[in-house]
Amino acid sequence: MHLSVMPEESLSLLAVRPDGVYLDATAGLGGHTALIAQRLTTGLVIANDRDAESLAIARRNTAEWASRIHFHHGRFGELPAALRELRLEKVDGLLADLGISRYQIMEPERGFSFLHEGPLDMRMDQTTGMTAADIVNHTAEKALADLIYQLGEERGARRLARAIVRARPLRSTLHLADVVERAVPRTGRLHPATKTFMALRMAVNDEQGELDRLLAIGPELLEPGGRMVVISFMSLDDRKVKERFKALGREGRAAILTKHPFRPSDEEIARNPASRSAKLRALAWN
Ligand SMILES: C[S@@+](CC[C@H](N)C(=O)[O-])C[C@H]1O[C@@H](n2cnc3c(N)ncnc32)[C@H](O)[C@@H]1O
């Protein structure tokens, strides 16, 4: 089984009850789903993801608890529909572990990695939408520079956009990584293509828009006393979660359970370096 981020913290803040109904909005490979399902008797966990391939793996990984899990393929905006399918309106807890999974990044065919040759795809849901190739090959230079600057916080965005436009058509992940490496100098430990790939991934999947939808819809799906737990890996995401939770707290609609975000322990980071930038925030719905 792969390593889910902040498992104990997630479960204790979700306050899983054996007869409760839980929504894992980002089932991925099913790590958190399995941990929740293990604690259920008559309860149910709805395992949602926009990535059908990941869901197929999650299904295999969680086969032991299949009777307590309902799978749903969809984006955050489709979560109410996932509940309606089961004639449910509310849940006792909602977990969102944002970003991409280890499987997605490690699979060259998905195009998320600048270390492996693959198509410039980067769609979490490969059944629909624009690919990274569509963006790098067809966006006007200025708009491309803005995208890379705003989403990737890449300071060399202008120079890089010019280099990308000159190198068109960009054919693969390594082709793009090579163009980036030539256009922006290496600083510090990060691979020069890190920020650009992140920006493209965020744009391809409309990750900011999706998070806005999750934060708008999610709390409303909770029973009174229900919990919402969000784990983010990027400061842009964590800021959005913090602001939305704060506003709900101010309006008296929810109680914030994490005054400061929870961070993974040193021991977890040593075991699972991918957890190092995680920030977990939780609320209880009034
Ligand atoms: C970090 S992984 C989750 C790993 C999972 N918690 C586990 O333990 O296996 C994030 C997952 O969220 C999914 N995802 C990201 N944004 C989504 C969205 N807007 N709607 C549905 N799923 C999304 C991705 O496809 C990915 O599988």
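Here, residue 1 is the first one in the sequence, and each next residue gets the next number. Counting starts at 1 for both ligands and their atoms, in listed order.
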Legend entry - Ligand-side contact atoms (ligand 1) for residue partner Gly30, heavy atom cut-off under 4.0 Å: 9 (O)
Legend entry - Proximity flag Leu98 to ligand 1, non-hydrogen atoms under 4.0 Å: yes
Legend entry - Check ion pair Arg75-Asp206 (N to O, under 4.0 angstrom): no
Inset, instruction - Answer with yes or no whether Glu78 contacts ligand 1, where contact means a heavy atom under 4.0 Å from a ligand atom. - result: no
Legend entry - Under-4.0 Å heavy-atom contact with ligand 1, by part of Ala27 that carries it: backbone
Inset, instruction - May I ask you to decide if Pro119's main-chain N or O and Glu109's side chain share a donor-acceptor pair within less than 3.5 Å? - result: no
Inset, instruction - Ignoring angles and geometry beyond distance, decide whether Gly31 reaches within less than 3.5 Å of ligand 1 through its nitrogen or oxygen atoms. - result: yes
Inset, instruction - Answer yes or no for Asn48: is there a heavy-atom contact with ligand 1 below 4.0 Å? - result: yes
Inset, instruction - Go through the structure and list residues passing side chain to side chain donor-acceptor pair (under 3.5 Å) with Arg171, not counting sequence neighbours. - result: none
Legend entry - Member of Asn137, Ile135, Ile148 meeting the side chain to side chain contact (heavy atoms under 4.5 Å, CB included) criterion with Ile164: Ile148
Legend entry - Location of contacts on His32 toward ligand 1, heavy atoms closer than 4.0 Å: both
Inset, instruction - For ligand 1, indicate whether the residue Gln104 contacts it via side chain, backbone, both or neither (heavy-atom separation under 4.0 Å). - result: side chain
Inset, instruction - Assess Ala34 for proximity to ligand 1: is some non-hydrogen atom of it under 4.0 Å away? - result: no
Inset, instruction - Spell out, as yes or no, whether a donor-acceptor pair under 3.5 Å connects the side chain of Asp178 to the backbone of Leu174. - result: no
Inset, instruction - Could you list the atoms of ligand 1 found under 4.0 angstrom from a heavy atom of Gly99? - result: 10 (C), 11 (C), 12 (O), 15 (C), 24 (C), 26 (C)
Legend entry - ligand 1 to Ser4 polar contact by distance, N or O atoms, under 3.5 Å: yes
Inset, instruction - Give yes if a backbone or side-chain nitrogen or oxygen of Phe233 is under 3.5 Å from a nitrogen or oxygen of ligand 1, and no if not. - result: no
Inset, instruction - Return a yes/no value for Glu210: is any of its N or O atoms, backbone included, closer than 3.5 angstrom to an N or O of ligand 1? - result: yes
Inset, instruction - Could you tell me whether Asp125 and Arg123 have a side-chain N and a carboxylate O separated by less than 4.0 Å? - result: no
Legend entry - Geometric N/O contact Asp97 with ligand 1, under 3.5 angstrom: yes
Inset, instruction - Examine the side chains of Gln126 and Asp121 and answer whether a donor and an acceptor come within less than 3.5 Å of each other. - result: yes
Inset, instruction - Would you mind reporting whether Thr131 and Leu120 have side-chain heavy atoms less than 4.5 Å apart? - result: no
Legend entry - Pairs touching residues 264-274 that satisfy salt bridge (charged side-chain N to carboxylate O under 4.0 Å, His left out), sequence neighbours left out: Glu267-Arg271
Legend entry - Residue Gly74 vicinity, atoms of ligand 1 by number, heavy atom under 4.0 Å: 20 (N), 21 (C)
Legend entry - Atom CZ of Arg17: over 12 foreign heavy atoms under 6.0 Å: yes
Legend entry - Ionic contact status for Arg158 with Asp146, cut-off 4.0 Å: no
Legend entry - N/O separation below 3.5 Å, Arg75 to ligand 1: no
Inset, instruction - Any atoms of ligand 1 less than 4.0 Å from a non-hydrogen atom of Asp51? List them with their elements. - result: 25 (O)
Inset, instruction - Could you list which atoms of ligand 1 come closer than 4.0 Å to a heavy atom of Leu29? - result: 9 (O)
